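First up is the structure itself, then whatever we jot down about it.
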Amino acid sequence: MTERRQAAPTVKFVDEYCQWYQQLFPEVRSYEAFKYLHVGMISDIKRKSLPEIGKFVGLKNEQSLLHFVSESPWQVEDLREQRLKLILQVLQGREINLIIDETGDRKKGNKTDYVKRQYIGNLGKVENGIVAVTAYGLIEGMTFPLIFEVYKPKERLEQGDTYRTKPEIAAILIQKLQAMGFKFKLVLADSLYGESDGNFVSVLNKLKLNFVVAIRSNHTAWLPPGQRVRQNQWRKFERVFSDGSTQQRYIREIIFGKRREMQYWQITDDPKTLPKNSTWYVMTKVPGVKYKEVGNLYGLRNWVEYGLKQSKNELGWADFRVTNYAQIQKWWEVVMSAYLLVSLHANVLNPHEHSPKDNITKSVLKKFSTHDWWDEGQGWKNLLNNLRLVLQPFGSFNLIKPWLKVFPIPALSVGFERLIGLMNLFNGAVPLTVPEPAFLFSSA
């Protein structure tokens, strides 16, 4: 008979979130590593390497974390499905904007699976690297991660692989999400996808999805005999940014023959010179869309760059030190989960409140916002800042524990433990219904 033991606690808001996935891990040490990685990824460690995460969470070394990524038997598909179910439960049938893009990371040599010299969009040039197609959700100004799939170049295909273009991968991801029950108000994508009619745009039409996609300046459309291309006059509109600021821009419709369901637009900040870096061509399929709306709808794509920047720079998307894609995929999926943990603290995704019953706890919670570094904003980066402050005592205590073994200071240890206890009063984004574990943990 196996001995049952509880997983070691970290910080309450992380532990409560991770309960949603607890049943996926057959070993308690795997579940502990899962929680530790969330703490480390959300922390303010600059490089999310396993040794640095191990120090922050109080481990003697990183071996248990490496085992979790490389050898633990949990399945990426199971974790992804559980995470997407949580998002669906939180959305409660609400429509979201779906943002499709790809992210690439420079990698040396050719030992890492699916690495080759290819265009890396965020670098703006051809480099040796690995690329993944990603899908993010956007609702009322808050981004959250949905799904990803690595791009497999023809030259690097392994046995059993099927070559697919990035637009083909994106179309498959959208169909998977829709089959799970996600409802899309709008799909946004750049010109790589906007120019792929057969593999992407036609799929959106088949799925009856509205979309706003970028197209190239030399985009062509079929015209019946006797019809011509014409352009309407420029009209001013106010581009509204996520922070509420505005900027005057200009837009005109480009009509190929007769106006159809799909419309074409040109947007710029200077209609006289049409500067290359601030002139865009857009194709829309949004019934009844007004010219004033088009520019701001396309502007939602900025959330792609914003969202990817957060996960890559803040959570350690590119900090993996493994070469096998099965292991890289595990790392990326945990990053997606950590990203969601932050997003769930937004009011729009966390409408239920957990009000403490006793006045003492209420009084303590009010003091959190009086911290000099507390941020009252509701953006993703604002939320991350505050969660890092809540993690700070836990991580700091772990970092100084080796010195306290050399120079014991009981009062300091007691003080840290008390502060960590106060941090555990912080209200996390608790899932609405935590699945019941299907088994007991083993002691492994």
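Just so it is clear, the structure is predicted and the values come from calculations on it, not from any experiment.
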Do the non-hydrogen side-chain atoms of [X] and [Y] ever get within less than 4.5 Å of each other?
{"X": "Leu207", "Y": "Phe184", "value": "no"}
{"X": "Val390", "Y": "Asn386", "value": "no"}
{"X": "Glu376", "Y": "Ser369", "value": "yes"}
{"X": "Ile42", "Y": "Leu391", "value": "yes"}

Does [X] reach the main-chain N or O of [Y] with its side chain, forming a donor-acceptor pair under 3.5 Å?
{"X": "Thr268", "Y": "Asp270", "value": "yes"}
{"X": "Asp105", "Y": "Ala318", "value": "no"}
{"X": "Lys12", "Y": "Asn427", "value": "no"}
{"X": "Thr279", "Y": "Lys276", "value": "no"}
{"X": "Ser191", "Y": "Ala214", "value": "no"}
{"X": "Arg47", "Y": "Glu52", "value": "no"}

[X]-[Y] side chain donor-acceptor pair, cut-off 3.5 Å:
{"X": "Glu149", "Y": "Tyr151", "value": "no"}
{"X": "Gln247", "Y": "Arg249", "value": "yes"}
{"X": "Ser30", "Y": "Ser72", "value": "yes"}
{"X": "Asp15", "Y": "Thr10", "value": "yes"}
{"X": "Trp380", "Y": "Ser343", "value": "yes"}
{"X": "Tyr163", "Y": "Glu155", "value": "no"}
{"X": "Gln82", "Y": "Tyr21", "value": "no"}
{"X": "Asp161", "Y": "Tyr114", "value": "yes"}
{"X": "Tyr339", "Y": "Thr143", "value": "yes"}

Neighbour count >12 (heavy atoms, 6.0 Å) for atom CH2, Trp403: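 It does not: Trp403 CH2 has 12 such atoms or fewer within range.
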
Lys46 atom NZ, over 12 foreign heavy atoms within 6.0 Å: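 Check fails, neighbour count at 12 or below.
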
Stepwise side-chain contact (heavy atoms from CB on, under 4.5 Å) test for Ile100 and Tyr136: CA-CA 7 Å; Ile100 298 294; Tyr136 278 75; over 6 Å; no

Ring centers of Tyr17, His38 separated by less than 6.0 Å: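 Yes - the distance between ring centres of Tyr17 and His38 falls below the 6.0 Å cut-off.
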
Presence of salt bridge, Arg83 and Glu333, under 4.0 angstrom: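 Arg83 and Glu333: salt-bridged.
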
Salt-bridge contact Lys166-Glu102 (side-chain N to carboxylate O under 4.0 Å):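 Not counted as a salt bridge, because no side-chain N and carboxylate O are separated by less than 4.0 Å.
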
Val282 and Ile215: CA distance, side-chain angles, deciding distance, side-chain contact (heavy atoms from CB on, under 4.5 Å) verdict: CA-CA 5 Å; Val282 179; Ile215 54 177; 5.8 Å; no

Within 45° cone and under 6.0 Å: Arg29 NZ/CZ vs Phe34 ring: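 Checked: cation-pi criterion not met.
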
Whether Trp317 and Trp332 hold their rings parallel, tilted or perpendicular, with breakpoints at 30° and 60°: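 Trp317 and Trp332: parallel rings.
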
Parallel, tilted or perpendicular: ring planes of Phe25 versus Phe68, cut at 30 and 60 degrees: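 Ring orientation of Phe25 relative to Phe68: tilted.
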
Inter-residue atom distance [X].[atom1] - [Y].[atom2], 0.5 Å rounding:
{"X": "Ile267", "Y": "Trp280", "atom1": "CD1", "atom2": "CH2", "result": "7.5 Å"}
{"X": "Asp319", "Y": "Ile53", "atom1": "CG", "atom2": "CD1", "result": "8.0 Å"}
{"X": "Asp44", "Y": "Phe56", "atom1": "CG", "atom2": "CZ", "result": "6.0 Å"}
{"X": "Gln392", "Y": "Phe397", "atom1": "CD", "atom2": "CZ", "result": "15.0 Å"}
{"X": "Asp190", "Y": "Arg216", "atom1": "CG", "atom2": "CZ", "result": "11.0 Å"}

Where Phe200 and Ala171 come nearest, the two heavy atoms and their spacing: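 Phe200 and Ala171 have their closest heavy atoms at CD1-N, 4.2 Å.
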
